[in-house]
Amino acid sequence: MSSNRAEVRGSQRLQALLHHLRSSHSMPINSDSKLSVSKRAAVLICVFEGADGNLRVFLTQRASSLSTHAGEVALPGGKTEEDDADDVHTALREAKEEIGLDPSLVSVITILEPFHTKNQKKVEIVKISLPSKISSQLTKTEVEAIFDVPLEMFLKNNNRRAEEREWMGEKHLVHYFDYEVGNKKYVIWAITAAILIRAATLLLQQPPAFLEQRPEIWGGITESDMIILGSSTSK
């Protein structure tokens, strides 16, 4: 079965959210074809419905032996290869290699607007996977752990902190979310946190309870930021 045609299962609430996302936020696959393959990357935001009916998202902890971002929390994904048909193919291939996720279990719902980094362009892809069971087999050379977190945590102030940074004369906030499961603590931060704040905002259809203040290459000041800033100055 093609991953683009995989059956999306779940509650009526989730179906409604997916319909809203499909109809209002879809972007063309590989919308920036001028960007060279060496500068492209794609990540998978694999969202599923937990036993309590709330949405959750899979994350990985990168292997400590990697040359870049060792031990950090990340979304499954990686750099585009020459043989990849498009960004969807990249994200699915990387997810299968890293965590053993069967592409046939994944429904491609939409592609988010790209996040730019200093050295490459990340094309963020939202895929919704709702199988009754996902078996994972980690590639230990790349991934040390796989875990899942509630999507709504990226809209709350709980277990969140932020640091002000400056890049190219522009101030922005870097967000950190702390999460503990099985006596193991994880920190989700930087671009991964920014991507998940964006995904949670779209899927749950509500703004974060805090000021995002993303760097310009990640979207800059958002509409919800303007509301928060306006409220604080009017007091």
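Throughout, residue positions are numbered sequentially from 1 according to the sequence presented. Computed over heavy atoms, backbone and side chain alike; hydrogens, waters and symmetry mates excluded.
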Residues E212, R198: salt bridge by 4.0 Å N-O rule
no

Taking all non-hydrogen atoms of both residues into account, name the closest pair between T192 and A74 and its distance.
OG1-CA, 3.9 Å

Shortest non-hydrogen contact from L151 toward L196
CD1-O, 4.4 Å

Counting C-beta onward and ignoring hydrogens, is there a side-chain heavy-atom pair between P208 and I197 closer than 4.5 Å?
yes

Where V187 and R161 come nearest, the two heavy atoms and their spacing:
CG1-NH2, 4.3 Å

Evaluate the ring planes of F177 and F154, with Trp represented by its six-membered ring, and classify them as parallel (under 30°), tilted (30 to 60°) or perpendicular (over 60°).
perpendicular

Taking H172 for its side chain and E216 for its backbone only, find out whether a donor-acceptor pair lies under 3.5 Å.
no

Any V174 side-chain heavy atom under 4.5 Å of W189 side chain
yes

Show the nearest heavy-atom pair for residues L211 and L229, with the distance to one decimal.
CD1-CG, 3.8 Å

Assigning hydrophobic clusters by single linkage (Ile, Leu, Val, Met, Phe, Trp, Tyr; side-chain heavy-atom cutoff under 4.5 Å), is Y179 placed with L55?
yes

Kindly compute the distance separating CD1 (I45) from CG (L202), expressed to the nearest 0.5 Å.
9.0 Å

Could you report the tightest heavy-atom contact between I99 and P76, atom names first, then the distance?
CD1-CG, 4.1 Å

To the nearest 0.5 Å, atom OG1 of T60 lies from atom CD of E144 at 10.0 Å

Value rounded to 0.5 Å, distance of CD in E94 from OG1 in T90:
7.5 Å

Could you tell me which non-hydrogen atom of A95 sits nearest to which non-hydrogen atom of L44, and how far apart they are?
CB-CD2, 3.5 Å

State plainly whether one hydrophobic cluster holds both L92 and I146, where clusters connect Ile, Leu, Val, Met, Phe, Trp and Tyr through side-chain heavy atoms under 4.5 angstrom apart.
yes

Distance (rounded to the nearest 0.5 Å) between W218 CH2 and F115 CZ
7.5 Å

Give a yes or no on this: more than 12 heavy atoms of other residues, nucleotides or ligands lie within 6.0 Å of atom NZ of K171.
no

In Å, rounded to the nearest 0.5 Å, how long is the span from CG of D178 to NZ of K185?
8.5 Å

Rounded to the nearest 0.5 Å, how far does CD1 of I188 lie from CE of M153?
4.5 Å

Less than 3.5 Å apart, any donor N or O on the side chain of E163 or Y176 sitting next to an acceptor on the other?
yes

Using a strict threshold of under 4.0 Å (side-chain N to carboxylate O), is an ion pair present between D225 and R214?
no

Ignoring hydrogens and angles, tell me if any N or O in the side chain of R56 forms a donor-acceptor pair with the backbone of D148 under 3.5 Å.
yes

D83 atom CG: more than 12 heavy-atom contacts under 6.0 Å:
no

Heavy-atom side-chain proximity of F147 to V73 below 4.5 angstrom:
yes

Does I221 form a side-chain contact (heavy atoms from CB on, under 4.5 Å) with Q213? I'd like the steps, not just the answer.
CA-CA 5 Å; I221 295 291; Q213 196 174 336; 3.8 Å; yes

So for atom CD, which belongs to E223, do other residues, nucleotides or ligands contribute more than 12 heavy atoms lying within a distance under 6.0 Å?
no

Kindly indicate whether the side chain of R160, heavy atoms from C-beta on, has any atom under 4.5 Å from the side chain of K156.
no

Over 60° means perpendicular and under 30° means parallel, so classify the ring planes of F210 and H175, tilted if in between.
tilted

Is there a path from V149 to V181 through hydrophobic residues (I, L, V, M, F, W, Y) whose side chains come within less than 4.5 Å of each other?
yes

Is there a side-chain contact between F58 and L101 in this structure, where contact means two heavy atoms from C-beta onward sitting under 4.5 Å apart?
no

